[in-house]
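Lettering of chains follows the sequences in order, A, B, ..., and the numbering in each one begins at 1.
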Amino acid sequence: MSLPLRGRQLLLVAGAAALALAPAAAWAHADAHPGGGFVAGFLHPIGGLDHVVAMVAVGLWGAVLGPPAIWVLPVAFPLVMAFGGLLGLLGVPIPGVEIGIAISGLVMGLMVLCELRPPPWLAALMVCAFAVFHGHAHGAELPAGSNALLYSLAFVIATGLLHLLGIALGETRRWPGGRRFVQGSGGVVALVGLWFLEQALR
Amino acid sequence: MIIPLAHLTATGFGPWADGLARLVLEPTELLLVIGLVLLGVQTNRAVSDRLPVLLPLVWLLGGLIGMQLASPLHWAVVRTALLAAVGLLAALGLRLWPPLVLPLAAGLAGLFALVAGSALGGHAGALAALLGELIAIAVLTTLLARALAPPHARWLAIGLRVGGSWITAAALLMLGWLLRHPQ
């Protein structure tokens, strides 16, 4: 039996999302990659499910919100995340970083699931607040002795690509059944965030 | 026998090729060039058309002056902060006053070239390496300025801002790393 074209496209997108999420059943911030440089920087944000789902959720939520949020969030997030990273590198403490990261997944997942559309400034503020936690955790782990700029650049690119994946998944809302798929993705993100929150609170 | 230059990765093809490769292997300079092109193409067509001529010329001048310096300049923090500022300007999508953009680009490129030249100075083959890097900058700037020339479709305008955002983010992380691990 062959699926209709749009159904197959939806299946492909879902499969791509599953592949993106599958290899990463671990904390993003638990270990530092040996060495450094571009490859380590690129793999770091992809290597942790808590970070991956939150980044994808940024794109998903941007797509649900529509313009201007669909591009404001991916532009603002790396900037604020890097600021958080700067704080982490300088040793400025931020309490409850892992809890904040878990809550980011939970909240943004719920936003997508419930298709909540706060004013763009409020959405940007929320996403930026979460970005500080993500950046701080990663900044504190930037390995010494690596090529820091290549590592940082690759890290930012990987994060941006995760946003792009979220936006692409979010754009499936235009297709029949796509809206439910996006809401379901938001639900999965929220559940993963909830699981990490429970782990962080232990 | 070719003696490798300090601050250059030996490609095995001599100092000219080492200079060509330096732009790719020295991301601070690569990102500056990309950031300046982003600023230029966001400003207007006249500015973006002049960048492929201006940047290599300024790079040559700054590099030659830098090669005359007695010791290498270590301005990593300043350079990284300036890189973050260039990326931020592109990320904000501000349309700068056009007569300001070319002098700004020239000043920044000259400063970075000064540092690059000071690192190469005193070595045999330094001039060839500088020329190699200059060629790489000319080619990269020409290709980027041509490909990204205004007017911009909406998605491309967004892409330019995202690019600026990524440059600033990488530079901020680098800045933190430099402050944490002073050279």
Side-chain angles (χ1 to χ4, degrees), chain A residues 36-38 41-42 44-45 59 62 67-92 128 131-132 134-161 163-164 167 171, chain B residues 7 9 21-35 38 42 76-77 79-94 112 152-183:
Chain A
F38 196 88
F42 194 85
H44 188 90
I70 194 168
W71 63 266
V72 166
L73 298 187
V75 169
F77 193 96
L79 292 176
V80 183
M81 183 186 72
F83 177 71
L86 183 69
L87 296 180
L89 279 159
L90 296 179
V92 178
C128 287
V132 172
H134 285 269
H136 190 278
H138 288 302
E141 294 165 357
L142 198 79
S146 64
N147 187 329
L149 188 55
L150 273 181
Y151 183 98
S152 305
L153 183 63
F155 173 88
V156 170
I157 289 173
T159 299
L161 291 178
H163 292 157
L164 197 61
I167 290 173
E171 286 300 304
Chain B
H7 313 288
T9 301
R22 179 186 156 98
L23 188 66
V24 182
L25 300 170
E26 174 53 62
T28 313
E29 293 168 6
L30 176 67
L31 290 181
L32 176 81
V33 172
I34 294 173
L38 292 183
Q42 282 179 327
V77 172
R79 288 197 315 159
T80 309
L82 289 172
L83 183 61
V86 168
L88 187 61
L89 287 174
L92 293 175
L94 298 174
F112 276 57
H152 300 130
R154 177 121 180 104
W155 66 267
L156 183 55
I158 293 169
L160 297 177
R161 295 183 65 170
V162 170
S165 160
W166 287 7
I167 289 173
T168 300
L172 278 178
L173 288 171
M174 175 70 184
L175 195 59
W177 189 89
L178 284 170
L179 294 173
R180 185 173 173 177
H181 307 286
Q183 304 294 300

Using heavy-atom distances under 4.5 Å, tell me whether A:F77 contacts chain B through its side chain, its backbone, both, or neither. neither

Part of B:T80 lying under 4.5 Å from any heavy atom of chain A: neither

Which atom names give the shortest non-hydrogen contact between A:P45 and A:T159, and what distance separates them? CB-OG1, 3.8 Å

Out of B:L173, B:L172, B:V162, which one racks up the most heavy-atom pairs below 4.5 Å with chain A? B:L173

Relative to chain A, which segment of B:L31 carries a heavy atom at a distance below 4.5 Å: side chain, backbone, both, or neither? side chain

Looking at B:L175, B:L179, B:I158, B:L83, which makes the most heavy-atom pairs under 4.5 Å with chain A? B:I158

A:I157 portion near chain B, given a 4.5 angstrom heavy-atom threshold: both

When you compare the side chain of B:L32 with that of B:R79, does any pair of heavy atoms fall below 4.5 Å? no

Could you look at A:L90 and say if it's the side chain, the backbone, both or neither that has a heavy atom under 4.5 Å from chain B? side chain

If you tally heavy-atom pairs under 4.5 Å between each of A:G85, A:P74, A:G160 and chain B, the highest tally belongs to A:G160

Has the side chain of B:R161 got a donor or acceptor atom that lies under 3.5 Å from a matching backbone atom of B:L92? yes

Nearest heavy-atom contact between A:A158 and A:F42 is CB-O, 3.4 Å

Is the side chain of A:H136 donor-acceptor paired with the backbone N or O of A:V92 at a distance under 3.5 Å, no angle test? yes

Please state whether the side chain, the backbone, both or neither of B:L88 comes within less than 4.5 Å of a heavy atom of chain A. side chain

For the residue pair B:I167 and B:V86, establish whether any side-chain heavy-atom pair is separated by less than 4.5 Å. no

Supply the atom-to-atom distance A:S152 OG to A:L86 CG, rounded to the nearest 0.5 angstrom. 10.5 Å

